[in-house]
Number of protein chains: 2
Amino acid sequence: MATGRSHRPATRSRGIPEATVARLPLYLRALTALSERSVPTVSSEELAAAAGVNSAKLRKDFSYLGSYGTRGVGYDVEYLVYQISRELGLTQDWPVVIVGIGNLGAALANYGGFASRGFRVAALIDADPAMAGKPVAGIPVQHTDQLEGIIQGEGVSIGVIATPAGAAQQVCDRLVAAGVTSILNFAPTVLTVPDGVDVRKVDLSIELQILAFHEQRKAGEVAAAGAVVPPVGSGPEPVAARRASAAGQDAATDQGPDGDVPAVMPT
Amino acid sequence: MATGRSHRPATRSRGIPEATVARLPLYLRALTALSERSVPTVSSEELAAAAGVNSAKLRKDFSYLGSYGTRGVGYDVEYLVYQISRELGLTQDWPVVIVGIGNLGAALANYGGFASRGFRVAALIDADPAMAGKPVAGIPVQHTDQLEGIIQGEGVSIGVIATPAGAAQQVCDRLVAAGVTSILNFAPTVLTVPDGVDVRKVDLSIELQILAFHEQRKAGEVAAAGAVVPPVGSGPEPVAARRASAAGQDAATDQGPDGDVPAVMPT
DNA sequence: CTATGTGAAAGACTTCACAGCA
DNA sequence: TGCTGTGAAGTCTTTCACATAG
């Protein structure tokens, strides 16, 4: 696929890198905090520190949105908050349904961050008839039978799956058939969806395993004692060397690729 | 820190790409499922489909671990399960502490996936005195005062933070001071940690915002019908194009850079 | 003849470093 | 003078495509 770097019409070239999109919420959060403290402007350096990234990256990211800063000064906090919000589509209302009101589903329903950014819990759905009517986070749980009606009635396009792994694909299919085109999946399963539907997954187990991998390495290093040049192993991997100093810092702040979260069922 | 090392004989060149490490848990999950069905071998094509990635990527990933396949045949399921488990450090016991037993913390404590892969909930910690002693998921909650003692006593190196955003950094500092070197953060805050400590974050709000961004685009595409705002939707955008066929598959499985998850406090 | 393993090419993302505007 | 905006360089990932082992 040739990145038809298309003729960028003035500012705002469409085609913001995925990596940048993933960081916009981070910047937005930092900016919101500044805004609440009535800070009028910030430099890329300060904002980057607050968001946990380096300033060059931040400036590059913002450059994809347009030239919203002032040389020699910095960025206007309020203005940036607005621009990023608009870019992320947070200036509109996004009704969301959460399917699977177990421990996790309830936690998500109670999650305050929802409302704060245009997301509105339109409904809580669970397959257990006993749950029907029971209020969670002030919202009455509805039975799965109602799923299609709710999606269509409320015009829901984003669905959150917090069911056991075994039910995830089935729920997903129904959500999609009913019109949902974006899914946040907390069940530890690979969902199959038709083209045009976005899926993001969050899997606690995966995150822990990644941490374990690095943790294991740390232990190994101690035992092997940091030699000047890696002993055994193939060759003095250049990559390895770099990793040494950057990894700790990097992993901690801007976290590497792939992200995931918790789930409800065993892996 | 030095990197090289490890007395790993034969294959196994040190320096597995981070992107590959992030996918190993995915392969492991798929392999475990096959193993339970007593499937003896799998081709890269089949396994890739089960894991939601493409076969070329999978083969490349495995090539970093060594040559564990048989040309013309495929991979031995049991053997691969073992190799990947070892690589990820899952053949050993990893005691984990969860701090902040609110809705989310309780959900995590009940998460079955923990035990299944070498992770053991060594303790549940909460700052609320009223919670002390109360069992959650069969484990009695302990007060924050006990934090240091538990970490050191159990030799915990992985900590999960599920507290409100305001307490996260403080908890993090205590965990690190007590000896924890890997942290999974569910609070919507950027944690600052010393070198050598790994942090992975999981933030529901961020995931939803990313979905909203793409959702907004889809809506725009429909309206613009590949007209005035081409670059994004209309143009054979590399990303867009790929997304069409692979994305559904891709986004679901290998998800882009930076990962996050849910939290307990508003953004 | 099949499916792995892997150089090489293509892309995506990050970092550098500095021109240029306020 | 200070800080943004951005080509260019550097690094990491993915994809291609095919030699090669079984």
Side-chain angles (χ1 to χ4, degrees), chain A residues 1-5 8 10-13 15-23 41-49 52-76 79-80 234 237-243 245-247 249-251 253-258, chain B residues 11-13 15-23 41-49 53-76 79-80 237-243 245-247 249-250 253-258:
Chain A
M1 329 132 192
T3 299
R5 201 28 340 114
R8 14 217 244 84
T11 41
R12 272 196 83 178
S13 60
I16 296 173
E18 198 44 45
T20 294
V21 172
R23 281 188 295 269
T41 62
V42 254
S43 64
S44 60
E45 204 70 60
E46 300 169 316
L47 184 54
V53 303
N54 71 49
S55 63
K57 192 185 287 182
L58 178 147
R59 288 201 301 280
K60 181 61 104 180
D61 282 341
F62 285 179
S63 78
Y64 291 117
L65 308 183
S67 294
Y68 298 149
T70 304
R71 298 181 192 227
V73 180
Y75 301 91
D76 180 275
Y79 188 56
L80 250 192
S234 324
E237 302 258 329
V239 184
R242 199 182 59 49
R243 205 161 261 306
S245 64
Q249 194 56 18
D250 259 314
T253 58
D254 59 57
Q255 190 169 82
D258 199 279
Chain B
T11 42
R12 263 200 96 182
S13 61
I16 296 173
E18 199 43 46
T20 293
V21 171
R23 280 188 295 268
T41 62
V42 254
S43 65
S44 62
E45 204 69 60
E46 299 169 317
L47 183 54
V53 304
N54 71 47
S55 63
K57 192 184 287 181
L58 177 147
R59 288 202 301 281
K60 182 61 110 180
D61 282 341
F62 285 179
S63 79
Y64 291 117
L65 308 183
S67 295
Y68 297 149
T70 304
R71 299 184 191 224
V73 180
Y75 302 90
D76 180 274
Y79 188 55
L80 250 192
E237 266 271 321
V239 183
R242 198 176 65 47
R243 207 159 258 305
S245 61
Q249 197 61 8
D250 255 314
T253 59
D254 62 60
Q255 192 169 78
D258 199 276

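What you see below is based on every heavy atom in this structure, not just the backbone, and it leaves out hydrogens, waters and symmetry mates. Predicted model only: the values in this text are computed from it and were never measured. Quick note on labels: first sequence line is chain A, next is B, and so on, each numbered from 1.
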Engineer: Once you round it to whole Å, what is the distance between P of dC13(C) and OH of Y64(A)?
Structural biologist: 8 Å
Engineer: Could you check how far CG of L58(A) sits from P of dT15(C), rounded to whole Å?
Structural biologist: 12 Å
Engineer: Rounded to whole Å, how long is the line connecting atom CD1 of I16(A) with atom P of dA12(C)?
Structural biologist: 15 Å
Engineer: Considering non-hydrogen atoms only, spot the tightest contact between R23(A) and V53(A) and give its length.
Structural biologist: CD-CG1, 4.0 Å
Engineer: Mind checking side-chain contact (heavy atoms from CB on, under 4.5 Å) for S55(B) and listing every partner two or more places apart, or none if nothing turns up?
Structural biologist: S44(B), E45(B), A48(B), R59(B)
Engineer: Whole angstroms only, please: what is the CG-P distance between D61(B) and dT15(D)?
Structural biologist: 11 Å
Engineer: So does K57(A) get a side-chain nitrogen or oxygen closer than 4.0 Å to the phosphate oxygens (OP1/OP2) of dT15(C)?
Structural biologist: yes
Engineer: Looking only at side-chain atoms of A19(B), point me to the closest of dT13(D), dT14(C), dT4(D).
Structural biologist: dT13(D)
Engineer: Sub-3.5 Å donor-acceptor pair from the side chain of T70(A) to the main-chain atoms of V73(A), do we have one?
Structural biologist: no
Engineer: As an exercise, state the distance from OH of Y64(B) to CD1 of I16(B), rounded to the nearest 0.5 Å.
Structural biologist: 10.0 Å
Engineer: Could you write out each protein N or O paired with an N or O of nucleotides 20-22 of chain D at a distance under 3.5 Å?
Structural biologist:
from: dT20(D); atom 1: O2; to: R71(B); atom 2: NH1; distance (Å): 2.8
from: dA21(D); atom 1: O4'; to: R71(B); atom 2: NE; distance (Å): 3.4
from: dG22(D); atom 1: O4'; to: R71(B); atom 2: O; distance (Å): 3.3

Engineer: Can you tell me if R23(A) touches the phosphate of dT14(C), counting only side-chain N or O atoms and a distance under 4.0 Å to OP1 or OP2?
Structural biologist: yes
Engineer: For residues D76(B) and T41(B), report the shortest heavy-atom separation together with the two atoms involved.
Structural biologist: CA-CG2, 4.2 Å
Engineer: Separation of R59(A) atom CZ from dC13(C) atom C1', in whole Å?
Structural biologist: 16 Å
Engineer: How would you list, by chain and number, every residue that makes a ring-ring contact (aromatic ring centres under 6.0 Å, His included) with Y75(B), sequence neighbours excluded?
Structural biologist: F62(B)
Engineer: When the distance from NZ of K60(B) to P of dA8(C) is rounded to whole Å, what number comes out?
Structural biologist: 11 Å
Engineer: Measure CD/E18(A) against P/dT13(D) and give the value in whole Å, please.
Structural biologist: 16 Å
Engineer: How long is the line joining CG of L47(B) and P of dA3(C), in whole Å?
Structural biologist: 14 Å
Engineer: Taking 4.0 Å as the cut-off, does a side-chain nitrogen or oxygen of N54(B) come that near to OP1 or OP2 on dT15(D)?
Structural biologist: yes
Engineer: Measure across L65(A) and Y68(A) and return the closest heavy-atom pair with its distance rounded to 0.1 Å.
Structural biologist: O-OH, 3.3 Å
Engineer: Under 4.0 Å, counting only non-hydrogen atoms across every strand here, what does Y75(A) touch: a base, just sugar-phosphate, or nothing?
Structural biologist: sugar-phosphate
